[in-house]
Amino acid sequence: MRFRAVRLTALPMSTSTHPNRTIHAAFAEKVDAVLSALELEGALPPGSPRGNVAVEPPRDASHGDLATNAAMVLAKQARTNPRELAAKIVEKLEADPDVESAEIAGPGFINMRLSDASWRAELAAIAALGADYGKSALGNGVTVNVEYVSANPTGPMHMGHCRGAVVGDALASLLEFAGHKVIREYYVNDAGSQVDTLARSAHLRYREALGDTIGTIPEGLYPGDYLVPVGVALAKELGDRFKDVPEEEWLPIFRAHAVEAMLDLIREDLALLGIQHDVFASEAALQAAGKPAEAEAWLRQHDLVYDGILEAPKGKTLDDWEPVELPLFRSTRFGDDQDRPIKKSDGKWTYFGADLAYHFQKAENADALIDIWGADHSGTVKRIKAAVAALTEGAGRAIAFDVKLVQMVQLMRAGEPVKMSKRSGSFVTLADVVEEVGKDVVRFTMLTRKPEAQMEFDFAKVVEASKDNPVFYVQYAHARIHSTLRKGAAEGFSPSDEHIGLLGAEELDLVKQAAQFPRIVEAAALAREPHRLAFFLYELAGAFHAYWNMGNDNPGKRFIIADNPELSGARLFLASQIGQVIRNGLAILGVEAVEEM
RNA sequence: GCGCCCGUAGCUCAGUCGGAUAGAGCAUCAGAUUCCUAAUCUGGGGGCCACAGGUUCGAAUCCUGUCGGGCGCACCA
């Protein structure tokens with residue numbers, strides 16, 4: 001079976017993966033080398049699996065810079081107890097000039113302190129890599145298709161779409177930064193009954209534009225004003241020849257026009273958030289190209305689609321339920337609770353029937369798929385996972401597929417919920433919110449909670465300029481760094497790595513915190529959780545502000561020391577690199593790193 | 001009735017493929033500060049990680065069950 005791409009308007013540019021070795025990766029390799037040496041000496045059986053060996057910063061900084069559980073994980077295989085094995089590991093680690101100290105703690109942890117020189121080298125590495133600092137080769141060029149937003153093209157975007165849009169976009173950027181090729185895709189549901197409703201609503205506005213009195217918009221049609229200009233445009237372009245003719249004659253034409261107009265609206269809304277998709281995939285085009293039929297034929301051939309009758313839903317009474325024979329996909333074979341119809345009794349494809357073919361099409365151009373959905377679609381996750389498994393495994397190429405559910409956002413205004421009603425058309429649009437609070441606030445706020453948790457979005461809290469507001473706090477740190485650099489320049493000081501040997505423990509603590517960035521990027525990418533970056537940035541900003549505050553009481557801790565150009569240069573260099581890391585992180589989240597506030 | 005997500009401090013939330021004494025902000029309490037590196041600072045108290053079992057050197061984290069909240073549950077999208 002072979003599907004061709006439908007309207008694959010653009011292929012993503014390949015991201016340059018930048019395999020830079022971070023300090024954490026370098027020390028993980030050192031530990032690994034020690035273990036290999038121990039194998040050669042016979043202290044460890046050769047080929048001991050090391051999958052569970054971790055080298056990471058301990059939770060409690062007083063334990064040192066890095067800790068490893070290697071001795072505890074491998075003690076059993078070495079037929080010894082963890083502390084004894086740890087002693088052997090420690091002996092070898094201590095021989096490394098970059099290891100200041102290595103100690104055994106608790107049940108067999110090994111705590112390491114790294115030399116100041118290695119932290120200074122990491123600081124220099126941030127400067128050398130600049131915007132590339134933190135990039136990872138983790139993704140290994142694997143192409144990931146991230147499908148997000150995919151709102152029905154029946155009107156402008158409202159706040160219900162916003163969280164998924166931001167999370168999806170940040171995730172896409174994160175994966176790119178971590179070495180993946182990414183396709184940002186939007187699935188356009190332009191084949192269902194909703195776009196027919198849209199077409200009828202547009203026709204009404206068209207008649208209105210031609211002078212008909214339309215009165216109140218009938219129940220079941222979209223009442224929003226945004227269709228008025230669509231009607232005007234249609235009247236201008238088509239004249240009055242579709243005014244009094246049967247629906248069959250104008251519906252497809254009006255539908256196509258209206259959908260295109262709505263997509264323009266949506267693209268504008270997305271642009272306000274800084275979001276741009278690579279591909280808008282049309283459901284109608286997919287169907288016109290016969291993709292669902294191809295999928296059905298293939299599935300029937302493999303006994304994965306059959307004609308059957310659905311059982312009546314349990315725990316719910318439906319007055320008009322009657323048994324009907326439909327083509328059903330055997331999703332139960334892949335863990336779903338029920339087989340699912342791919343066609344309706346009128347012969348048209350169900351949403352699922354088309355979606356199944358659509359996912360297979362995506363799988364043809366990518367190695368892994370991610371869908372970002374609203375939590376109200378949680379019930380359909382199993383069936384689509386089943387479909388992807390059936391189609392891709394059947395085609396001999398199993399594809400990693402992940403559905404991320406994004407919970408609803410409760411809009412609040414000064415503690416009171418904002419009422420939204422779709423029926424009356426009084427929903428809060430995304431454009432209104434962005435206009436009121438700004439793109440950066442919307443994006444960052446949406447990323448300060450894990451997506452699967454419900455969240456509140458309070459207009460009042462979110463624009464507050466204080467340290468209680470994470471967006472402000474992080475941006476302020478960056479702005480503060482730049483104002484310091486400006487001030488330094490005005491006084492004749494510029495950042496320089498010449499004397500970074502002058503930086504002491506408190507300054508290096510800042511470096512240690514910033515040096516976590518590459519790890520956080522990888523962990524967030526693996527977990528597909530961009531919000532981890534937001535928390536990291538908040539903490540890094542906090543550490544920077546805390547250091548800054550020391551300068552209030554102790555002028556010797558300020559960045560600019562008038563009579564000490566060497567130290568000033570080194571500290572400004574430090575500040576500049578902290579700024580670089582904040583900038584890199586904010587760039588992934590799509591939030592501007594402002595230089596002034 | 002079934003499925004998915006969630007349950008961590010008074011509140012809003014983090015918590016690294018299982019790791020050491022479970023963290024942050026708000027609120028509260030006690031101090032500092034009115035200087036300019038504006039849009040505060042330092043510190044304290046506060047926890048049965050919903051509950052009960054299980055897995056193992058070790059569980060907030062994994063598994064099972066119970067309770068509570070959200071979302072969804074014929075061919076809609």
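Just so it is clear, the structure is predicted and the values come from calculations on it, not from any experiment. Throughout, protein chains are lettered first and strands after them, A, B, ... in sequence-line order, and every chain is numbered starting at 1. Worth knowing before you read on, the calculation uses all heavy atoms, side chains too, and leaves out hydrogens, waters and symmetry mates.
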Please measure how far the [atom1] atom in [N] lies from the corresponding atom in [M], and state the result in whole Å.
N	M	atom1	answer
B/C4	B/G43	C1'	44 Å
B/U61	B/A52	P	12 Å
B/G46	B/C29	C1'	11 Å
B/U55	B/A14	C1'	27 Å
B/G19	B/C62	P	11 Å
B/C11	B/G47	P	13 Å
B/G44	B/A27	C1'	14 Å

Worksheet item: Among residues 470-494 of chain A, which contact RNA chain B at a heavy-atom distance under 4.0 Å?
Response: A/Y476, A/R480
Identify which nucleotide among [options] has an atom closest to any side-chain atom of [X], counting heavy atoms from C-beta outward.
X	options	value
A/H531	B/G19, B/A14, B/C76	B/A14
A/E452	B/A77, B/C5, B/C75	B/C5
A/F535	B/C13, B/G19, B/C75	B/C13
A/E56	B/U16, B/A20, B/G72	B/U16
A/R532	B/A20, B/G15, B/G19	B/G15
A/R383	B/A77, B/G70, B/A20	B/A77
A/P58	B/A20, B/C76, B/C4	B/A20
A/L310	B/A74, B/C41, B/C76	B/A74
A/Y538	B/C41, B/C5, B/G25	B/G25
A/K76	B/C57, B/C75, B/A20	B/C57

Look at all strands and tell whether [X] reaches a base, only sugar-phosphate, or nothing, counting heavy atoms closer than 4.0 Å.
X	value
A/D339	nothing
A/N69	base
A/A105	base
A/F109	base
A/A67	base
A/T350	sugar-phosphate
A/E322	base

Euclidean distance, atom [atom1] of residue [X] to atom [atom2] of [N] [Å, nearest integer]:
X	N	atom1	atom2	answer
A/K343	B/C76	NZ	C1'	19 Å
A/K461	B/A27	NZ	P	11 Å
A/F352	B/A77	CZ	C1'	14 Å
A/R449	B/U8	CZ	P	13 Å
A/Y351	B/A74	OH	P	17 Å
A/L537	B/A14	CG	C1'	14 Å
A/Y222	B/A77	OH	P	10 Å

Can you tell me if [X] touches the phosphate of [N], counting only side-chain N or O atoms and a distance under 4.0 Å to OP1 or OP2?
X	N	result
A/H545	B/G25	no
A/K450	B/G7	yes
A/T380	B/G72	no

Worksheet item: Quick check: are there more than 12 heavy atoms from other residues, nucleotides or ligands sitting under 6.0 Å from NZ of A/K348?
Response: no
Worksheet item: Do other residues, nucleotides or ligands put more than 12 heavy atoms under 6.0 Å from the NZ atom of A/K512?
Response: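 Buried by this count: over 12 neighbours within 6.0 Å.
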Worksheet item: Would you say A/H377 stacks on B/A77, if stacking means ring centres under 5.5 Å apart and planes within less than 30 degrees?
Response: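 Stack criterion met.
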Discussion item. Reading 5' to 3' and counting Watson-Crick or G-U wobble pairs with both distances under 3.5 Å, write the dot-bracket notation for RNA chain B, | for bases paired outside the strand.
Written reply: (((((((..((((.....[...)))).(((((.......))))).....(((((..]....))))))))))))....
Could you label the plane-to-plane angle of the [X] and [Y] rings as parallel, tilted or perpendicular, counting under 30° as parallel and over 60° as perpendicular?
X	Y	answer
A/F352	A/F329	tilted
A/H161	A/H158	tilted
A/F472	A/Y476	parallel

Discussion item. Tell me if the side-chain of A/S378 makes a donor-acceptor pair with the base of B/C5, cut-off 3.5 Å, by modelled atom types.
Written reply: no
Discussion item. Base of B/A20, side chain of A/N111 - is there a donor-acceptor contact under 3.5 Å?
Written reply: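 In this structure, the two groups form a donor-acceptor pair.
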Worksheet item: Is there a side-chain contact between A/Y306 and A/D339, using heavy atoms and a 4.5 Å cut-off?
Response: yes
